[in-house]
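Structure first, then comments.
In what follows, every heavy atom counts, from backbone to side chain, and hydrogens, waters and symmetry copies are set aside. Whatever order the structure lists them in is the order used to number ligands and atoms, beginning at 1.
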Amino acid sequence: MVLADLGKRITSAVSNLTHSNVVDEKALDAMLKEICAALVEADVNIKLVANLRKSIRHTVNFKELGAGVNKKRLIQKAVFDELVKLVDPHNEPFKPKKGRSNVIMFVGLQGAGKTTSCTKLARYYQARGFKACLVCADTFRAGAFDQLKQNATKAKIPYYGTYTEVDPVKVARDGVEKFKKERFDIIIVDTSGRHQQERELFAEMVQIQAAVKPDQTIMVLDSSIGQAAEAQSKAFKESADFGAIIITKTDGHAAGGGAISAVAATRTPIVFIGTGEHLLDLERFQPQAFISKLLG
Ligand code: GDP
């Protein structure tokens, strides 16, 4: 199911209720059943879905509603607010400041969209007057540096990397030091991924983090990852303690409920979403605006 279909299903469940003549327990239950089924099908964690149902029922307590209350409006608002809660951990992400070097490190599994998102983010800040650059600390995957180089060149963003050094910690440290001396505002460090969560990967992340002391670590999650997102993000959180999430490929065929559940599992805000393969396909993530758009 794609994200837009999830939105349509929820909207139609709410609209069925608001167009019915009687708004009672039975109608509310039918609406909740449909919304919850849609969320579960979209891979949102089952416990989160159960909480959402409970909270809406708690807000819309027919026995205690006064006569003057507009039930339909109350229900619409409760659904909206609970969906926002699902994607909003109430944790403010780090905001880079101009005039100092802000180091941002990326982590995530191979193929999640790290390198692509690094370049998109560098361009995003560059367009907003920050002096931004990229460091390729992925010495694990052959071709990683070439890919970053290509992306960076296209976006006209200065980059650092090497074909000969095999120690990712050294590359990361050297790159960050060089760009700090050159007074870059935003230094983005791309790290290597693996096909799976592995001890070596986590050890490497911790070492790079210690070497470059990032102001922010961002985890990149593929929206098609499904239910595995929660366990994966928790495992990454334990080692890399990231402070923000970027969800990629939201233009694809997955509704992304798994990736959304990672927010709750790690209490970490989504900061951007990837909406395509191109450099400009990056959108700032704002919980309220996202849910408004989802529900059309
Ligand atoms: P990495 O291994 O984590 O660095 O992943 P890459 O940045 O190489 O991305 C893997 C693939 O996903 C590439 O083909 C990218 O073009 C693609 N990709 C990344 N982000 C998005 C996105 O938001 N939408 C789409 N459609 N493709 C994406």
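- Between Thr18 and Gln76, the side chains place no donor N or O within less than 3.5 Å of an acceptor N or O (distance only, hydrogens not considered).
- When Asp251, Val220, Leu148 are checked for heavy-atom proximity to atom 26 (N) of ligand 1, Asp251 turns out nearest.
- Salt bridge status for Lys178 with Glu182: present, with a side-chain N to carboxylate O gap under 4.0 Å.
- Aromatic ring centres of Phe236 and Phe202 lie closer together than 6.0 Å.
- What sits closest to atom 11 (C) of ligand 1 on the protein, heavy atoms only, is Lys249 NZ, 4.2 Å.
- Ion pairing between Lys249 and Asp222 holds under the 4.0 Å rule for side-chain N and carboxylate O.
- A salt bridge is absent between Lys71 and Asp24: the closest approach of a Lys/Arg side-chain nitrogen to an acidic carboxylate oxygen does not fall below 4.0 angstrom.
- Looking at Thr116, Asp138, Ile273, it is Thr116 that brings a heavy atom closest to atom 6 (P) of ligand 1.
- Here the two rings, on Phe285 and Phe290, have centers that are under 6.0 Å apart.
- Under the 4.0 Å criterion applied to side-chain N and carboxylate O atoms, Glu82 and Lys85 are assigned as salt-bridge partners.
- Remark: minimum distance from atom 10 (C) of ligand 1 to any protein heavy atom is reached at Gly111 O, 3.6 Å.
- Any N or O atom pair closer than 3.5 Å counts here, and Thr248 shares no such pair with ligand 1.
- Not a single heavy atom of Gly193 lies less than 4.0 angstrom from ligand 1.
- The distance criterion of under 3.5 Å between nitrogen or oxygen atoms is not met by Asp281 with respect to ligand 1.
- Lys63 and Glu25 are not joined by a salt bridge, as no carboxylate oxygen comes within less than 4.0 angstrom of a charged side-chain nitrogen.
- Listed by number with element, the atoms of ligand 1 under 4.0 Å from a non-hydrogen atom of Thr275 are 23 (O).
- Residue Gln147 has at least one N or O atom closer than 3.5 Å to an N or O atom of ligand 1.
- Contacts of His278 with ligand 1, taken as heavy-atom pairs under 4.0 Å, are absent altogether.
- A heavy-atom separation below 4.0 Å is found between Leu109 and ligand 1.
- The atoms of ligand 1 that sit less than 4.0 Å from any heavy atom of Gly274 are 23 (O).
- Ligand 1 lies less than 4.0 angstrom from a heavy atom belonging to Ala112.
- With hydrogens left out, the protein atom closest to atom 5 (O) of ligand 1 is Gly113 N, 3.1 Å, a heavy atom.
- Counting only heavy atoms of the protein, atom 14 (O) of ligand 1 lies nearest to Glu277 OE1, 3.7 Å.
- Polar contact with ligand 1: absent for Asp190 (N/O pair, distance under 3.5 Å).
- Salt-bridge formation is not detected for the pair Lys234/Glu238: no Lys NZ or Arg NE/NH1/NH2 atom is positioned less than 4.0 Å from an Asp or Glu carboxylate oxygen.
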